[in-house]
Amino acid sequence: MCSQPSRRKTPQPSEHAEAIKKALVDVAQESFFSYAEFCTPERFHEALESVRDAVDAASPRWLAAHVEFDGAFAGRVTVVVPYSLAADMTPAVAGLMPGDPIDDVLVRDATGEFANMICGTWLTRACVRRRFDLAPPAVLAVPAMPAAGRDDELVLINDWPVTLAVAFDAA
Amino acid sequence: MSLNILIVDDSAMMRAMIKRVTALCDIPIDHIYEAANGAEAITVLENHDVQAMFTDINMPVMTGTELLRTINSDERWKNLLRVIISTDGSEARREEVAELNVRLYVEKPFRPEVMRDVLSTLSEKDPAA
């Protein structure tokens with residue numbers, strides 16, 4: 001799946017789709033104690049409608065986490081999650097006890113680490129002989145979920161709609 | 001003898017998680033210090049007696065690899081037990097840090113029991129424990 005060390009090429013997102021989807025499922029289950037399943041656009045939009053009130057009630061409504069990577073190839077992984085889901089997952093992964101304070105900084109940090117773990121797990125499995133450098137995650141609040149791109153993956157995590165995308169830089 | 005532990009990770013969430021899991025293990029621990037990057041870790045090491053360090057690799061300011069190189073070049077920390085906790089489990093990265101006296105390499109994501117096993121191993125192998 002990786003090019004030879006002396007060569008650098010730009011992969012197509014479809015080449016890595018299954019591997020990065022598997023990485024998301026494993027990270028969600030093993031570290032975030034959450035259930036993730038990929039779904040059809042129809043099911044995704046149904047889920048989006050069913051949680052719209054809860055999403056609208058949160059502020060910010062969505063968090064977009066980006067992790068840039070550079071090695072045999074370069075690009076970025078982006079995960080967009082409802083803020084409410086991120087806030088639900090944070091206490092479990094951080095090992096907080098019921099009643100422990102949870103603030104916005106910790107929620108954003110956990111969301112960035114979620115994207116970081118997905119990216120690192122995927123690259124390690126896809127290119128085990130190659131070293132990649134990952135930039136610290138960037139987490140942005142967004143008012144609405146961006147329109148899904150052609151290669152974006154649609155996933156439900158604990159029945160909340162989430163998108164996963166990988167983009168590659170031109171070699 | 002109880003261990004003093006240093007957790008080095010730019011993610012506050014990861015530090016909290018490792019700290020929590022560590023506290024749940026049946027290992028005598030005196031104090032857990034935290035640092036958000038390699039430079040902060042050096043400051044902690046210069047000011048406290050630390051027996052074991054868990055460090056991430058990809059961090060701003062000073063990376064885990066740079067931190068390990070600095071530690072390796074200083075006699076004061078020759079007995080410090082070094083454990084990597086990183087999403088990067090590539091062979092290339094493992095080979096890079098293998099020369100830096102790293103005792104164990106833990107890949108994220110990991111289950112809590114993995115950390116318990118790591119601490120047990122460190123406690124058994126630490127001649128001062």
Side-chain angles (χ1 to χ4, degrees), chain A residues 2 5 23-34 67-72 77 86 89-97 100-103 105-139, chain B residues 7-25 32 34-40 54-66 84-100 105-116 119:
Chain A
C2 287
L24 181 146
V25 168
D26 290 348
V27 169
Q29 291 181 349
E30 290 182 25
S31 274
F32 286 77
F33 311 104
S34 297
V67 175
E68 295 190 348
F69 55 87
D70 194 5
V77 167
M89 292 198 301
T90 299
V93 70
L96 301 181
M97 301 299 286
D100 282 350
I102 174 171
D103 60 22
V105 172
L106 199 59
V107 172
R108 290 173 189 248
D109 189 84
T111 306
E113 193 59 26
F114 184 52
N116 183 53
M117 282 193 200
I118 294 168
C119 184
T121 299
W122 158 54
L123 290 171
T124 295
R125 290 174 180 172
C127 307
V128 72
R129 296 184 187 282
R130 305 296 300 278
R131 198 190 86 177
F132 281 83
D133 290 315
L134 274 58
V139 181
Chain B
I7 301 168
V8 192
D9 199 305
D10 56 324
S11 164
M13 187 279 297
M14 278 306 303
R15 294 199 306 273
M17 192 259 263
I18 296 168
K19 192 173 179 179
R20 178 72 186 155
V21 171
T22 302
L24 290 172
C25 296
I32 299 176
E34 297 181 43
N37 57 60
E40 287 186 13
F54 299 89
T55 183
D56 190 11
I57 291 177
N58 289 304
M59 294 181 289
V61 184
M62 180 188 273
T63 67
T65 307
E66 292 167 337
I84 298 280
I85 300 181
S86 175
T87 58
D88 183 351
S90 67
E91 290 175 6
R93 186 72 78 181
R94 285 171 180 270
E95 287 169 7
E96 181 182 47
V97 300
E99 300 168 355
L100 299 172
Y105 199 114
V106 179
E107 275 185 52
K108 298 185 221 173
F110 59 85
R111 294 179 182 279
E113 52 266 33
V114 171
M115 185 59 64
R116 181 197 58 207
L119 283 165

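Reckoned from all heavy atoms, side chains included, excluding hydrogens, waters and symmetry mates. All values reported here derive from a predicted model rather than from experimental measurement.
The candidate from V21(B), D88(B), D9(B), T63(B) with the greatest count of non-hydrogen atom pairs under 4.5 Å with chain A is D88(B). The most heavy-atom pairs under 4.5 Å with chain A, out of P109(B), A12(B), A92(B), come from P109(B). With respect to chain B, the highest number of heavy-atom pairs below 4.5 Å among A92(A), A94(A), P137(A), S31(A) belongs to A94(A). Between chain A and the residues E91(B), M17(B), M59(B), the largest count of heavy-atom pairs under 4.5 Å involves E91(B). Of the residues considered (S86(B), G89(B), P60(B)), G89(B) shows the highest number of contacts with chain A, using heavy-atom pairs under 4.5 Å. Ranked by heavy-atom pairs under 4.5 Å with chain B, the list L106(A), V27(A), V93(A) is led by V93(A). The most heavy-atom pairs under 4.5 Å with chain A, out of A16(B), A23(B), S11(B), come from S11(B).
Between D10(B) and D109(A), the shortest heavy-atom distance links the atoms O-OD1, 4.1 Å. Across all non-hydrogen atoms, the minimal contact from F32(A) to M13(B) is CZ-CE, 4.3 Å. Shown here for E107(B) and T124(A), the closest heavy-atom pair between the two residues is OE1-CG2, 3.9 Å.
The salt bridge (charged side-chain N to carboxylate O under 4.0 Å, His left out) check on R131(A) picks up D133(A), E96(B), with sequence neighbours excluded.
Checked by atom type and distance alone, the side chain of S90(B) never pairs as donor or acceptor with a backbone atom of C127(A) at under 3.5 Å.
Put simply, CE on M14(B) and CG on N116(A) are 9.0 Å apart, with the number rounded to the nearest 0.5 Å.
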